[in-house]
Peer 1: 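Here it is, the structure, as structure tokens.
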Amino acid sequence: MKYTQLGRTGLKVSRLVLGTMNFGPQTDEADSHIIMDAAQQAGINFFDTANVYGWGANKGRTEEIVGSWFAKGGARRDKTVLATKLYANMATDDGKVWPNHDKLSALNIRRSVDASLKRLGTDYIDLYQFHHVDRDTPWDEIWQAMDVLVQQGKILYVGSSNHAGWHIARANETAARRGSYGLVSEQCLYNLAERRAEMEVIPAAGGYGLGVIPWSPLHGGLLGGALRKEREGGAARSGAGRSADSLANSTIRAQIQSYEDLLDKHGLEPGEVALAWLLTRPGITGPIVGPRTADQLASALRAVELTLPDELLASLDEIFPGPGPSPEAFAW
């Protein structure tokens, strides 16, 4: 496994991040433990979860599964850089929420971190992330609450997710004014098929010293050989969600066909190339991989060792052209 610094911090993390969103809803506890053991044995030390994972009436279940894995000992917790998130409504009664039980008020931050620590069975969180921007709570209040958590030893670093470039700027300018360390990472939607983050989010992250952690690196399965799986009649993720919507568009379908044809010529697996491409991008800490099985984890691990030649990278840019830098991308 290869490692890098998380943004401007001294924290060393693996170039692949183990996403746990499927633990509980798709993968049972025993198999989830097997995947986490295999990931750690392969050198992955960066695990990502969220308080809301488990979904519906099972919100929090994923954190509990990670916690039960830590409880098995063997230095599992000590070897893990643990990231979780807050923001979501954690009520299980049909989405109804009592006031102050979601978003980023100081009250909900205090409530959420204690609940996550209990579910995770640990006394601190390495990276505590805002799952979404809170348009109602001022950054001074948010940083005051986070600074208290740092002082209490409950968290070490703070990150964001799904924040625009100007949100990152405002967050870290406020932090600097207060003498707070500020955001050290941004978790955003970024992959070959979705490159809008290159306009402002990734440059803002680079300017403020944030590591970038792409989620959905295969774009919901679209970049994982979706058309091949469709032809083979397999149970591909392309049957629903973002990937299915995309494949219904004839232009995008032709684009994915060109992508798969190109990689067939090179004898490469689409999903592995999609991950390897992200590892070539400047400012990227590592993509989040969310395996449902041990085989999917093994495929992701191969991407770390994959070297993409310049010719192939140029061909990928032709198929999936990026938006270009800001402001040129939209100004002229």
Peer 1: Nearest 0.5 Å, please: how far is NE2 in His33 from CZ in Phe23?
Peer 2: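 Spacing of CZ (Phe23) from NE2 (His33) equals 9.0 Å.
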Peer 1: Within 45 degrees of the ring normal and closer than 6.0 Å to the centroid, is that where the cationic atom of Arg77 sits relative to Phe70?
Peer 2: yes
Peer 1: Do you know which of Val289, Ile44, Ile288 makes side chain to side chain contact (heavy atoms under 4.5 Å, CB included) with Val17?
Peer 2: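 With Val17 as partner, Val289, Ile44, Ile288 yield a single side chain to side chain contact (heavy atoms under 4.5 Å, CB included), made by Ile288.
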Peer 1: Can you tell me how far OG of Ser246 sits from CD1 of Ile256, rounded to the nearest 0.5 angstrom?
Peer 2: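 So the gap between those two atoms works out to 7.5 Å.
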Peer 1: Does some side-chain heavy atom of Asp48 sit less than 4.5 Å from a side-chain heavy atom of Thr20?
Peer 2: no
Peer 1: Nearest heavy-atom pair of Gly211 and Thr285: which atoms, and what distance?
Peer 2: CA-OG1, 3.2 Å
Peer 1: Provide the closest heavy-atom pair for Ala329 versus Pro323 in the form atom of the first, atom of the second, distance.
Peer 2: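 Looks like CB-O, 3.1 Å.
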Peer 1: Have a look at Glu198 and tell me which of Arg195, Glu200, Arg196 forms a side chain to side chain contact (heavy atoms under 4.5 Å, CB included) with it.
Peer 2: Arg195
Peer 1: Charged N to carboxylate O below 4.0 Å: is that the case for Asp114 and Lys154?
Peer 2: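 Lys154 and Asp114: salt-bridged.
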Peer 1: For a quick check under 3.5 Å, do Ser105 and Glu141 share a side-chain donor-acceptor pair by atom type?
Peer 2: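 No - no donor-acceptor pair under 3.5 Å links their side chains.
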Peer 1: Taking all non-hydrogen atoms of both residues, which atom of Gly182 and which atom of Ala175 are closest, and how far apart?
Peer 2: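 Looking at all heavy atoms of both residues, the shortest contact is CA-CB, 3.5 Å.
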Peer 1: Please tell me whether Ser185 and Gln129 have a donor and an acceptor in their side chains that are separated by less than 3.5 angstrom.
Peer 2: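 Absent: no donor and acceptor within the cut-off.
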Peer 1: Could you pull out the closest heavy-atom pair between Leu263 and Leu312, with the gap in Å?
Peer 2: CD2-CD1, 4.1 Å
Peer 1: Might you work through the side chain to side chain contact (heavy atoms under 4.5 Å, CB included) test for Leu218 and Asn191, ending with a clear yes or no?
Peer 2: CA-CA 7 Å; Leu218 304 188; Asn191 55 56; over 6 Å; no
Peer 1: Which residue, Leu156, Leu127, Asn172, Val158, forms the side chain to side chain contact (heavy atoms under 4.5 Å, CB included) with Val184?
Peer 2: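 Answer after filtering Leu156, Leu127, Asn172, Val158: Leu127.
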Peer 1: Between Tyr190 and Pro214, what is the shortest heavy-atom contact and its length?
Peer 2: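 Nearest heavy atoms, Tyr190 then Pro214: O-CB, 3.5 Å.
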